[in-house]
Every structure is written in structure tokens, then in C-alpha cells.
Amino acid sequence: SCIILDEIACKPEDVCAKKAATGIGCERNFSARIAVGLALAASEKGQEVLILTPYRAQVRLLRKKIRALDPASKKRISVGTIHRHQGAERDVVILDTVKGAISWSAPEIGMLLNVAISRARKHFILLASHAERNTPILGRLAGLIRVATLDVPIYDDNGQQEMLAPAVPVGLRTSLFGDAPAAVSG
């Protein structure tokens, strides 16, 4: 599945990556909150989850958010860079592109996407903005998978359920983590 962040963000700046608060690299708080919400929903259904991103700064941000979860939920959630998880498989893989790896070469992006997609046993979820989706490689990938509506609750940094764009009903449970594989080409 592909979740287009622009369609659920209340503010356009939510979908923009920024320089990491510490160290080097990029991070995007909005997509981190979405990834953790999706991971929590899958974990609550007994599925093992792997959240991948190309940026170590985003990994640090995701781990900080996951530390706040209850121990039973976070036990089934792993986070790391695509480079570090080349042999790991999980039921659900969430790829947070952060800024679409726009500056990377096509062969490198292709290799990293292959690693990310091939880690998923049941579901592959791509989190990307419209701009990221329009890059040549991510655009081709996004064209092969269905666009999904966000169907799990998302929480802000204070643990309060977040209201996303008015057109998107938050908390409506559909079959995003049902029995059928979600990464079916259309």
C-alpha cells in the first residue's frame, strides 16, 4: 500500500523533511508518527513490524517514539536503516522515505527499494509525499501498489489522538492489516 502524506496532513509543512535536530541527516516528524501508528496497529494484531528509512536521524526519531509505547507492543516492532536490515523479514514492512532520496543514484535507490520490499512477508507500506511519489523510481514503485486510506489512529507527541486532514476519517478500521496481502500490484 502507499499512503500519500499530503492527503492527510493538515499543514503543508508536515510533509517536508528537515535537518535533524542532532547529528546529520534528515527527519520528518509527521511521517514518523504515521509509521509508529501503523506499526502499533499491526503489532496489536500480533504481526511483527519493521520500519525502514534511509536516514539514521529518522531512525533515532522513530526509536524515541517507540520507547513511549507499552512493552508488549514495542516488542514486535523493529526500526532501522534499509542498509542494516538486508536479511531481516517481518510480516509488515513500512518504508518511510523521509525525502524520497532525491539525491541518490537510480541504481542505489533501486537496490534499497528492493531490500525494503523483499523484507515484507505480508504487507509493504510506502509513506511518501506527492513530490516523492513523482520521482522516477518511487513513482514507478508507487504506480504498482494501491493507494491506501489511513485507517488507524495516530497520536501526537503528547499521546493525544491527532486529527488529520478533514477528508480522512481517523480511526476507521479497514483491512489494511487484514489477511490478504496489501502489496498487491494493481
Side-chain angles (χ1 to χ4, degrees), residues 1-5 8 15 17 25-67 69 72-101 104 108-129 132-133 135 137-154 173-186:
S1 298
C2 180
I3 295 178
I4 307 298
L5 299 173
I8 57 175
V15 299
C26 297
E27 61 186 22
R28 181 169 53 194
N29 191 42
F30 183 65
S31 61
R33 291 192 317 263
I34 302 294
V36 170
L38 291 165
L40 182 59
S43 175
E44 288 172 350
K45 292 182 180 265
Q47 298 193 33
E48 293 179 327
V49 181
L50 176 58
I51 304 173
L52 294 175
T53 181
Y55 300 99
R56 285 182 292 205
Q58 189 74 355
V59 169
R60 285 191 297 275
L61 179 61
L62 286 159
R63 286 184 176 152
K64 178 181 173 187
K65 292 179 180 312
I66 289 170
R67 277 194 294 274
L69 300 176
S73 295
K74 65 183 175 184
K75 188 168 83 170
R76 289 186 292 272
I77 302 172
S78 302
V79 178
T81 62
I82 300 168
H83 294 89
R84 297 228 179 218
H85 282 80
Q86 292 196 24
E89 286 187 356
R90 298 293 188 282
D91 299 322
V92 176
V93 172
I94 301 166
L95 176 58
D96 183 354
T97 59
V98 183
K99 68 174 197 173
W104 295 2
E108 186 174 13
I109 293 172
M111 185 273 300
L112 293 175
L113 288 174
N114 180 52
V115 169
I117 294 165
S118 64
R119 302 305 96 203
R121 287 187 207 127
K122 296 180 181 178
H123 306 278
F124 174 75
I125 302 169
L126 173 67
L127 300 180
S129 69
E132 294 158 356
R133 195 168 180 234
T135 60
I137 306 264
L138 284 178
R140 285 188 11 218
L141 170 63
L144 296 174
I145 57 180
R146 67 181 171 90
V147 173
T149 300
L150 186 64
D151 60 354
V152 299
I154 301 302
R173 301 276 178 171
T174 64
S175 61
L176 188 61
F177 297 118
D179 295 330
V184 176
S185 21

Asker: Could you check whether any side-chain heavy atom of L5 comes within less than 4.5 Å of a side-chain heavy atom of S31, counting everything from C-beta outward?
Answerer: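 The answer is yes, as the side chains (C-beta and beyond) meet within the 4.5 Å cut-off.
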Asker: Just verifying a value: how many Å separate E27 CD and K64 NZ, rounded to the nearest 0.5 Å?
Answerer: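 Taking CD in E27 and NZ in K64, the distance rounds to 8.5 Å.
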Asker: Is there a side-chain contact (heavy atoms from CB on, under 4.5 Å) between Y55 and K99? Walk through the geometry before answering.
Answerer: CA-CA 9 Å; Y55 300 99; K99 68 174 197 173; 3.4 Å; yes
Asker: Under 3.5 Å, is there a donor on one side chain and an acceptor on the other for R56 and T81?
Answerer: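 The criterion, which ignores hydrogens and geometry beyond distance, is not satisfied for T81 and R56.
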Asker: Of the non-hydrogen atoms in A35 and L62, which two are nearest, and what is the gap between them?
Answerer: CB-CD2, 4.0 Å
Asker: Would a 4.5 Å heavy-atom cut-off, applied to side chains only, mark I125 and L38 as touching?
Answerer: yes
Asker: Tell me, please, which residues at least two apart from A116 pass side-chain contact (heavy atoms from CB on, under 4.5 Å).
Answerer: L52, L95, F124
Asker: Kindly determine whether H123 and Q47 satisfy side-chain contact (heavy atoms from CB on, under 4.5 Å), including the steps that lead there.
Answerer: CA-CA 10 Å; H123 306 278; Q47 298 193 33; 3.5 Å; yes
Asker: Among all residues two or more places apart in sequence or in another chain, which pass the side chain to side chain donor-acceptor pair (under 3.5 Å) test with R76?
Answerer: S43
Asker: Under a 3.5 Å distance rule, please check whether R119 uses its side chain to pair with a backbone N or O of V93 as donor and acceptor.
Answerer: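 Not at all, since once roles are kept as given, no pair shorter than 3.5 Å links the two residues.
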Asker: Supply the atom-to-atom distance I77 CD1 to I66 CD1, rounded to the nearest 0.5 angstrom.
Answerer: 5.0 Å
Asker: Who pairs with L40 by side-chain contact (heavy atoms from CB on, under 4.5 Å), at least two apart in sequence or on another chain?
Answerer: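 By the side-chain contact (heavy atoms from CB on, under 4.5 Å) rule, L40 matches E44, L69, S73.
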Asker: Heavy-atom distance under 4.5 Å between the side chains of D96 and R28, does that happen here?
Answerer: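 SC-SC contact between D96 and R28 confirmed.
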Asker: For a 4.5 angstrom cut-off between non-hydrogen side-chain atoms, does L127 reach T97?
Answerer: no
Asker: Ignoring hydrogens and angles, tell me if any N or O in the side chain of S129 forms a donor-acceptor pair with the backbone of I4 under 3.5 Å.
Answerer: no
Asker: Would you name the heavy atoms of C26 and A17 that are closest together and state the gap between them?
Answerer: CB-CB, 4.3 Å
Asker: Before accepting this row, confirm whether a basic side-chain N of the pair E48/K75 lies closer than 4.0 Å to the acidic partner's carboxylate O.
Answerer: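 Looking at K75 together with E48, the answer is no, because their closest N to O distance does not fall below 4.0 Å.
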Asker: Could you go through N29 and L61, starting from their C-alpha distance and side-chain angles, then the distance that decides it, and tell me whether this counts as side-chain contact (heavy atoms from CB on, under 4.5 Å)?
Answerer: CA-CA 7 Å; N29 191 42; L61 179 61; 4.0 Å; yes
Asker: What is the distance from atom CD of Q58 to atom CD1 of I51, rounded to the nearest 0.5 Å?
Answerer: 9.5 Å
